[in-house]
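Just so we're on the same page: letters track the sequence lines, and every chain starts at 1. Heavy-atom basis, side chains included; hydrogens, waters and symmetry copies ignored.
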Amino acid sequence: MSVEVRNLVKKFGDFTALSGVSLRVETGELVALLGLSGSGKTTLLRIIAGLETADSGAVHFYGADATAISVRERKVGFVFQHYALFRHMTVFENIAFGLRVRPRAHRPSQAEIAQRVHELLKLVQLDFLASRYPSQLSGGQRQRVALARALAVEPKVLLLDEPFGALDAKVRQELRRWLKRLHQELRITSVFVTHDQDEALELADRVVVMNAGKIEQIGTPEEVYHHPVNAFVYNFLGNVNLFHGRIENGKVHLGDTILELGSAERQSVNGASGNAALYMRPHLLEIDRTSRGGKSFRATVRAINAAGPQVKVELEADWGDPVQVELDHERYRDLAIEPGESVFVCPRQSRVFIYQI
Amino acid sequence: MSAPDRSLVGAAARPRGWIERFCRPVSGNRRTSFGDIAIVAISALFLGIFLVIPLATIFSLALKNGIHAYFRAVTEPYARSAIWLTFVTAAVVLPINLGFGLAAGWAIGKFEFRGKEFLTTLIDLPFAVSPVIGGMLFVLLFGAQGIVGPWLIAHGVKIIFAKPGIILATMFVTSPFVARELIPVMQASGSEEEQAAISLGAGGWQTFFRVTLPNVKWGVLYGVILCNARAIGEFGAVSVVSGNISGLTSTMPLYIEVLYDDYNFSAAFAVSSLLSLVAVLTLVAKRIVGRHVGVGTAASASADEELAA
């Protein structure tokens, strides 16, 4: 089922959580709402669920207006960040809840309920825990029970609020892959909220980057990562070095250093001048012992961390800003740099955003 | 500015040493000091003077004239009528205050609305005013010279110096117990489970009976026990409205007072011993239930969380 929201506005007192958000989620899609806390992503999810009402704007399910329909009748499965499992019920009863509270006419028989619950328990691979209480489960197990409980009512839309937010890194990785498989299997239209860019980029068919109650960009993970539309998205997705300077005649002035822009950047700047923010990803910077003229700048090595898949080098640029560079181990061995040495940093690619004045 | 700062640090540092000394685990192999003995002795002395000796006195005086006199004292018609009225009053008051407490606890614990602070304060009012004033309120309202009293009496409804007055006064005094107990428990359990229930298609009543109530049931029971104890023992408010007509509007505490005033000490203490017995039973029940009150609150949930992690 497709979900569409139009021009949603929501204020909490003086705080504007959403200022005119429109979004369309196609049938069977898995969409991530990505943003910092306070960006409005959870509010948007809760409005789609019907747990919150927007001040203005509309929510459409399958093209039909659902704005006035209560949570109870929207047929959405909602998975809460802190699971919200019923403490006093066993895992089995938790999952059966949605079936048991149906009006008598639509309520399945005991045997049907038991069968359905066991199917779901198998789906989330927790069949052996049916008679346990939530307090006896680990965080990852609780989250899977919460998911099974939401799926029990055969929702048309699955909404997940920070589904892995309260879990540790390893369990998080596992559950992420598991959820991806589950979605591929069930193909339920799903929207999940996260502040973790890796999670959004790895899991979602499309990523919605949100900031201060607005959508900054909607696109596939590749699109938002490689073609960010503005400085916020570039900054938010992945590590980045940020320098502030001036652009004049296709050259960036950073302190006394003058850096030539590559052809792509020159095109994006389009001959304009002014104050600019220059973004460079650490893995798109190279370190050299010799100058490449206007294409590199001088920096001093401050610290080196060679643990991990990439060698992280921290430098200080001529004009005083810290610079982070990631090298592969081979290149690092060839260079044989030491803290305190003076080297040249050459950007293979950078992005320039001129300030709107 | 620096001088008061220093004195503050000094004041905070000194008692910390003391606290640390007395908060050490009992199983520690530190030698018992004079301070330890003194503290335990003071507590024991206090308990003895204010609790054990009076309680023992009640039972010993009650049985002074022998077990037959005791049974005669508690089974004579006036005594039976007082005991009956006391428990009838409790039986009427409890369900009503339970209903009120659940409603108030639910509204205040789970919802945000204008005037919530005011309502919370209002619920505490019967605790804040003297029970005697509580009783007077009803006399002023329903008494023969009261605001609506004459009209009610003209229509044959007698409240003051009758059983309805006793029930009303007891209800007023004991109304905060269940609500007071429930509000923090309801607040601590949050509203996420309720939201989950509704998103799964449950209606309002289904959510309340299947999710909210089971989570706070021990808190409810705790409140009911406290409410019951107070309803049975209430003296001040009831004494103002009842008129203390033996055999008609006399509750156990009032009856004890009458016996005492008549110098009928052994009978007075015999009836007192029944009240004391109820009190002891209440304490036992409170202790058992109290152990469970933490169950299902946010504090224990987060403890569970840590345990699971």
Side-chain angles (χ1 to χ4, degrees), chain A residues 12-13 46 48-52 70-89 93-103 106-107 132-143 145-146 149-155 157-159 161 166-168 171, chain B residues 102 106 109-114 116-117 182 184-222 289 291-309:
Chain A
F12 295 104
R46 290 174 63 87
I48 295 174
L51 289 167
E52 210 89 65
S70 77
V71 204
R72 222 185 139 187
E73 277 125 34
R74 278 199 197 183
K75 297 231 173 235
V76 297
F78 200 95
V79 177
F80 292 82
Q81 183 178 3
H82 299 291
Y83 328 120
L85 293 176
F86 306 127
R87 277 172 285 220
H88 60 286
M89 293 183 201
E93 286 302 321
N94 261 284
I95 298 172
F97 184 88
L99 301 172
R100 289 205 198 284
V101 296
R102 279 189 189 171
H106 305 285
R107 199 183 303 158
R132 297 277 190 90
Y133 283 89
S135 61
Q136 298 168 306
L137 307 182
S138 72
Q141 289 169 337
R142 286 183 212 187
Q143 191 56 282
V145 173
R149 183 179 67 175
L151 290 172
V153 293
E154 290 166 337
V157 181
L158 189 61
L159 305 170
D161 185 10
L167 303 170
D168 56 62
V171 182
Chain B
L102 281 174
W106 195 52
K110 301 280 183 187
F111 298 96
E112 290 302 323
F113 54 90
R114 210 189 256 268
K116 186 165 142 172
E117 294 291 314
L182 274 184
V185 184
M186 290 264 197
Q187 270 168 345
S189 63
S191 59
E192 273 213 331
E193 284 181 49
E194 279 82 2
Q195 290 177 15
I198 293 168
S199 79
L200 290 167
W205 290 110
Q206 282 176 320
T207 304
F208 181 75
F209 283 111
R210 284 168 181 257
V211 177
T212 309
L213 200 54
N215 271 334
V216 299
K217 60 175 183 243
W218 292 108
V220 173
L221 206 53
Y222 197 79
V289 172
R291 250 183 257 156
H292 291 278
V293 168
V295 173
T297 62
S300 78
S302 72
D304 290 344
E305 213 103 44
E306 272 163 30
L307 234 148

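Counting heavy-atom pairs closer than 4.5 Å to chain B, the top-ranked of the candidates A:Gln141, A:Arg149, A:Arg74, A:His88 is A:His88.
Rounding to the nearest 0.5 Å gives a distance of 11.0 Å between CD of B:Glu192 and CZ of A:Phe86. With values rounded to the nearest 0.5 angstrom, A:Arg46 atom CZ is found 4.0 Å from B:Gln195 atom CD.
No more than 12 heavy atoms of other residues, nucleotides or ligands shown are found within 6.0 angstrom of NZ on A:Lys75. Heavy-atom contacts from other residues, nucleotides or ligands closer than 6.0 Å to CD of A:Glu73 number more than 12.
Residues satisfying the side-chain contact (heavy atoms from CB on, under 4.5 Å) criterion with B:Leu221, sequence neighbours excluded, are B:Trp218, B:Val289.
For A:Leu85, the part lying near chain B is the backbone, with the side chain staying farther off; criterion is any non-hydrogen pair under 4.5 Å. Contact of A:Val153 with chain B is made through the side chain alone, with heavy-atom distances under 4.5 Å. With a threshold of 4.5 angstrom between heavy atoms, A:Ala146 does not approach chain B through any atom at all.
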Return a table of donor-acceptor pairs under 3.5 angstrom between the side chains of residues 200-208 of chain B and protein atoms on other chains or two or more places apart.
from	atom 1	to	atom 2	distance (Å)
B:Gln206	OE1	B:Gly203	N	2.9
B:Gln206	NE2	A:Val101	O	2.9
B:Thr207	OG1	B:Gly203	O	2.6

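When all heavy atoms of B:Glu193 and A:Ala84 are compared, the pair lying nearest together is CG-O, 3.8 Å. Nearest heavy-atom pair, A:Arg100 versus B:Arg210, reported as atom, atom and distance to 0.1 Å: CB-NH1, 3.8 Å.
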